[in-house]
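Working notes, structure below.
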Amino acid sequence: MAGELNPLLRVELQDLVANMCKAINDPKRLLLLYALADGPRSVSELCTILDSPQSNASQHLAVLRAAGMVDAERSGSNVLYSLRHPKVLDAIDMLRVISRDELARRQASLVG
């Protein structure tokens with residue numbers, strides 16, 4: 001029937017919101033993803049970058065790990081975190097562009 005959405009699309013979007021969108025729904029988690037763009041980092045390095053206590057960074061990393069966005073690998077006494085899917089930053093960058101464009105549009109409508 002015309003106009004109906006694919007049932008698989010509905011399931012995929014529900015999963016996307018429940019997992020990925022929930023995981024990136026925090027500025028610190030977004031910063032963590034960007035901090036991992038250049039390669040694996042330890043929790044202590046990430047804490048320094050975020051200027052955040054280890055317990056807070058670890059909680060955020062756990063959410064990102066559960067969503068499948070980061071991997072963790074033990075290296076001696078450290079755990080190194082890395083992006084599982086670096087293309088996620090491309091998707092976030094697209095959303096940032098849209099957000100900037102929308103902000104500019106709103107500001108222009110206030111002036112005009």
Side-chain angles (χ1 to χ4, degrees):
M1 183 179 259
E4 287 188 20
L5 291 176
N6 180 330
L8 180 58
L9 176 64
R10 289 180 187 272
V11 172
E12 287 177 351
L13 292 176
Q14 287 171 346
D15 184 61
L16 178 70
V17 169
N19 294 307
M20 296 282 182
C21 291
K22 180 181 175 186
I24 62 171
N25 190 20
D26 186 286
K28 288 214 181 213
R29 289 197 282 272
L30 290 170
L31 288 170
L32 282 168
L33 293 173
Y34 278 99
L36 295 171
D38 293 330
R41 295 186 186 266
S42 69
V43 176
S44 60
E45 289 175 302
L46 294 168
C47 289
T48 300
I49 292 168
L50 262 64
D51 191 27
S52 180
Q54 184 170 341
S55 61
N56 186 264
S58 293
Q59 289 173 347
H60 287 303
L61 287 163
V63 171
L64 293 171
R65 242 179 113 184
M69 299 179 102
V70 299
D71 284 320
E73 184 177 315
R74 185 159 291 283
S75 175
S77 62
N78 287 324
V79 175
L80 296 179
Y81 288 87
S82 60
L83 288 176
R84 183 174 294 166
H85 303 285
K87 287 186 176 187
V88 74
L89 293 179
D90 295 337
I92 294 167
D93 285 341
M94 284 194 295
L95 291 172
R96 290 174 56 214
V97 168
I98 293 166
S99 181
R100 279 194 303 266
D101 290 350
E102 184 59 21
L103 179 61
R105 186 197 64 78
R106 280 186 259 147
Q107 288 175 338
S109 72
L110 292 176
V111 174

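Start at 1 with the first residue, then count along the sequence. Remember, predicted model here, so these are calculated numbers, not experimental data.
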Contact summary for Ala23 and Val63, nearest pair of heavy atoms
CA-CG1, 3.9 Å
Looking only at non-hydrogen atoms, find the nearest pair between Leu89 and Ala37 and report the distance.
CD1-CB, 3.5 Å
Listed pairs under 3.5 Å, donor-acceptor, residues 94-101 side chains, sequence neighbours left out:
from: Arg96; atom 1: NH1; to: Tyr34; atom 2: OH; distance (Å): 3.4
from: Arg96; atom 1: NH1; to: Asp93; atom 2: OD1; distance (Å): 2.9

Sort and list the pairs that fulfil side chain to side chain donor-acceptor pair (under 3.5 Å) and have at least one residue in residues 16-28, not counting sequence neighbours.
Asp15-Asn19
Tabulate below the donor-acceptor pairs under 3.5 Å that side-chain atoms of residues 43-57 make, not counting sequence neighbours, or state none.
from: Ser44; atom 1: OG; to: Ser42; atom 2: OG; distance (Å): 3.1
from: Glu45; atom 1: OE1; to: Ser42; atom 2: N; distance (Å): 2.7
from: Glu45; atom 1: OE1; to: Ser42; atom 2: OG; distance (Å): 3.4
from: Thr48; atom 1: OG1; to: Ser44; atom 2: O; distance (Å): 3.1
from: Ser52; atom 1: OG; to: Asn56; atom 2: OD1; distance (Å): 3.0
from: Asn56; atom 1: OD1; to: His60; atom 2: NE2; distance (Å): 3.4

Find the distance between CG (Leu32) and CD1 (Ile24) and round it off to the nearest 0.5 Å.
13.0 Å
Count I, L, V, M, F, W, Y as connected when their side-chain heavy atoms are under 4.5 Å apart, and connections chain through other members. Are Leu31 and Leu64 then in the same cluster?
yes
Show me the side-chain donor-acceptor pairs of residues 68-79 shorter than 3.5 Å, one per line, residues at least two apart or across chains.
from: Asp71; atom 1: OD1; to: Arg84; atom 2: NE; distance (Å): 2.6
from: Asp71; atom 1: OD1; to: Arg84; atom 2: NH2; distance (Å): 2.5

With sequence neighbours excluded, what pairs up with Arg10 under the salt bridge (charged side-chain N to carboxylate O under 4.0 Å, His left out) test?
none
Under the rule for side chain to side chain contact (heavy atoms under 4.5 Å, CB included), what residues qualify as partners of Leu9, not counting sequence neighbours?
Leu5, Asn6, Leu13
